[in-house]
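Worksheet: one structure, shown below.
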Amino acid sequence: MPAARRLPAGARSRAATVVDRLAAEYPDAACALVHGDPLQLLVATILSAQCTDERVNLVTPGLFRRYPDAAAFASADAAELEEAIRSTGFFRSKTRAIIEMSQDLVARYGGRVPDRMEDLVTLRGVGRKTANVVLGVAFGRPGLAVDTHVTRLAGRLRLTASTDPVEIERDVCAIVPASEWTALSLRLILHGRRVCQARRPRCPECVLNDICPSAQLPAVAPGRVRAGR
DNA sequence: ATCCCGAGGG
DNA sequence: CCCTCTGGAT
């Protein structure tokens, strides 16, 4: 029996509120990684690990001109590619990932990016988070990309009791309609960057502070203000 | 010092 | 489960 991990009390109703309010707050939430096709999005998403999307967008225009398709990436000189993406960090592992992934795309998928999760995650350097971004943004297929922000917000909002990304994905997907998954990921990420920050969350400015079990609000001023402190 | 739209390997 | 990989911003 799949030990039905239970969701935190009230998770469903909180999730519904989160979906509605974030949609109102960020109606135009979109993937910020500049790309022109699924392969470019895949490469940009790999580059975005531990790096802001803004800095990824600084290197990708030149990168995509130099390597216009999977075949070009597949036959790239590693040292040259490393240099081109150095500023995004983790450049050795990212270079390996991009080259080996592209060789795989050429050998097994005709140089095109597959549009199924089970195929995407077999590619070197592609995990569920990256796969869900590509599925949702490039192919319009529902997917909840669980990154550091989604992990943090889902935990603070008690939409899940788990800290494991795969279980978070399952928990949140279980209580949110599939039609909302992709937009919800993007909005949680945006909200995590702007408001629900890792170190110092701006709870007083948060549109979810009334339903968030983790919200830390300044004590409401009592009727009579006491001096001192 | 801590964090940024992670994934592979031990 | 843990660790490692990397640079840049704050």
Side-chain angles (χ1 to χ4, degrees), chain A residues 18 22 25-26 28-35 38 40-60 62-63 73 78-105 113 117-139 141-157 159 162-169 172-173 180-202:
Chain A
V18 169
L22 291 187
E25 189 76 358
Y26 311 111
D28 304 317
C31 177
L33 296 168
V34 176
H35 63 282
Q40 292 186 353
L41 177 62
L42 182 50
V43 171
T45 307
I46 288 172
L47 293 180
S48 76
Q50 295 300 301
C51 171
T52 62
D53 47 357
E54 195 175 323
R55 195 156 349 100
V56 172
N57 291 338
L58 249 34
V59 309
T60 46
L63 193 68
F73 278 118
E80 185 187 340
L81 185 51
E82 280 182 8
E83 207 43 52
I85 67 169
R86 174 178 293 275
S87 65
T88 68
F90 293 174
F91 60 88
R92 271 184 279 268
S93 34
K94 287 175 180 176
T95 293
R96 267 192 64 188
I98 291 169
I99 291 177
E100 291 181 23
M101 169 199 81
S102 299
Q103 290 171 342
D104 234 21
L105 290 179
V113 178
M117 171 65 76
E118 54 265 45
D119 291 326
L120 285 167
V121 294
T122 67
L123 300 169
R124 155 70 70 157
V126 181
R128 287 191 71 86
K129 182 263 171 182
T130 299
N132 272 319
V133 169
V134 172
L135 285 174
V137 176
F139 295 117
R141 294 179 175 241
L144 188 81
V146 179
D147 71 335
T148 175
H149 294 294
V150 176
T151 298
R152 184 177 68 254
L153 270 67
R156 285 180 176 169
L157 288 161
L159 304 182
S162 176
T163 57
D164 172 55
V166 175
E167 291 180 9
I168 293 172
E169 183 185 336
V172 175
C173 287
E180 305 289 340
W181 294 347
T182 300
L184 179 61
S185 306
L186 295 169
R187 288 171 178 145
L188 285 172
I189 289 164
L190 205 49
H191 194 61
R193 297 199 336 195
R194 295 185 181 172
V195 180
C196 192
Q197 295 161 349
R199 269 184 292 187
R200 218 178 73 73
R202 305 180 172 187

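Below, chain A is the first sequence line, B the second, and so on; all start at residue 1.
- Taking atom NE2 of residue His35(A) and atom P of nucleotide dC5(B), one finds them 17 Å apart after rounding to whole Å.
- With the nearest nucleotide of DNA chain B identified for both Leu186(A) and Gly125(A), Leu186(A) has the one nearer the 5' end.
- Counting any heavy atom pair closer than 4.0 Å across all strands shown, Ala97(A) reaches no nucleic acid atom.
- The closest side-chain heavy-atom distance from Arg128(A) to Pro165(A) is not below 4.5 Å.
- Within the 4.5 Å cutoff, the side chain of Leu123(A) has no heavy atoms near those of the Val113(A) side chain.
- Distance Asp104(A) CG to dG8(B) C1': 15 Å, rounded to the nearest Å.
- With sequence neighbours excluded, the residues satisfying ring pair (Phe, Tyr, Trp, His ring centres under 6.0 Å) with Tyr26(A) are His191(A).
- Nucleotide dA7(B) holds its P atom 13 Å from the CG atom of Asp164(A), rounded to whole Å.
- With rounding to whole Å, Leu33(A) atom CG is found 10 Å from dG6(B) atom P.
- Nucleotide dC3(B) holds its P atom 16 Å from the CZ atom of Arg193(A), rounded to whole Å.
- The shortest distance between the side-chain N/O atoms of Thr148(A) and the OP1/OP2 oxygens of dC4(B) is below 4.0 Å.
- Heavy atoms of Thr45(A) sit nowhere under 4.0 angstrom from any nucleic acid atom.
- Residues Lys129(A) and Val150(A) are not in side-chain contact: their nearest non-hydrogen atoms beyond the backbone lie 4.5 Å or more apart.
- Within the 4.5 Å cutoff, the side chain of Asn132(A) has heavy atoms near those of the Met117(A) side chain.
- Within the model, atoms CG of Asp147(A) and CZ of Arg152(A) stand 8.5 Å from one another, a figure rounded to the nearest 0.5 Å.
- Contact check, Arg128(A) against dG8(B): no side-chain N or O comes under 4.0 Å of OP1 or OP2.
- Arg152(A) comes within 4.0 angstrom of sugar-phosphate atoms only, judged by non-hydrogen atoms across all strands, and of no base.
- One can place CG of Leu120(A) at 17 Å from P of dG6(B), the figure rounded to the nearest angstrom.
- Between the CD atom of Glu169(A) and the C1' atom of dG6(B) there is a distance of 14 Å, rounded to whole Å.
- Taking atom C1' in both dA9(C) and dA7(B), the straight-line distance is 23 Å, to the nearest Å.
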For residues 40-48 of chain A, please give each side-chain donor-acceptor pair under 3.5 Å, one per line with the distance, not counting sequence neighbours.
| unit_1 | atom_1 | unit_2 | atom_2 | d |
| --- | --- | --- | --- | --- |
| Gln40(A) | OE1 | Gly36(A) | N | 2.6 |
| Thr45(A) | OG1 | Leu41(A) | O | 2.6 |
| Ser48(A) | OG | Thr45(A) | O | 2.7 |

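- Taking atom P on both dG10(B) and dT6(C), the two are 15 Å apart, rounded to the nearest angstrom.
- Atom CD of Gln40(A) is separated from atom P of dC5(B) by 20 Å (rounded to the nearest Å).
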Could you write nucleotides 5-10 of chain C as a row of B, S and -, 5' to 3', where a protein heavy atom under 4.0 Å of any base atom gives B, of only sugar-phosphate atoms gives S, and otherwise -?
-> BBBS--

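- Dashed line: the shortest gap from a side-chain N or O of Arg124(A) to OP1 or OP2 of dG9(B) is under 4.0 Å.
- For the P atoms, the distance linking dT10(C) with dC5(B) amounts to 12 Å, nearest Å.
- When heavy atoms are screened at a 4.0 angstrom cut-off, Val126(A) is found touching the sugar-phosphate backbone but no base atom.
- Distance check on atom C1': dC4(B) versus dC1(C) gives 24 Å, rounded to whole Å.
- Residues His149(A) and Ile189(A) are in side-chain contact: their nearest non-hydrogen atoms beyond the backbone lie under 4.5 Å apart.
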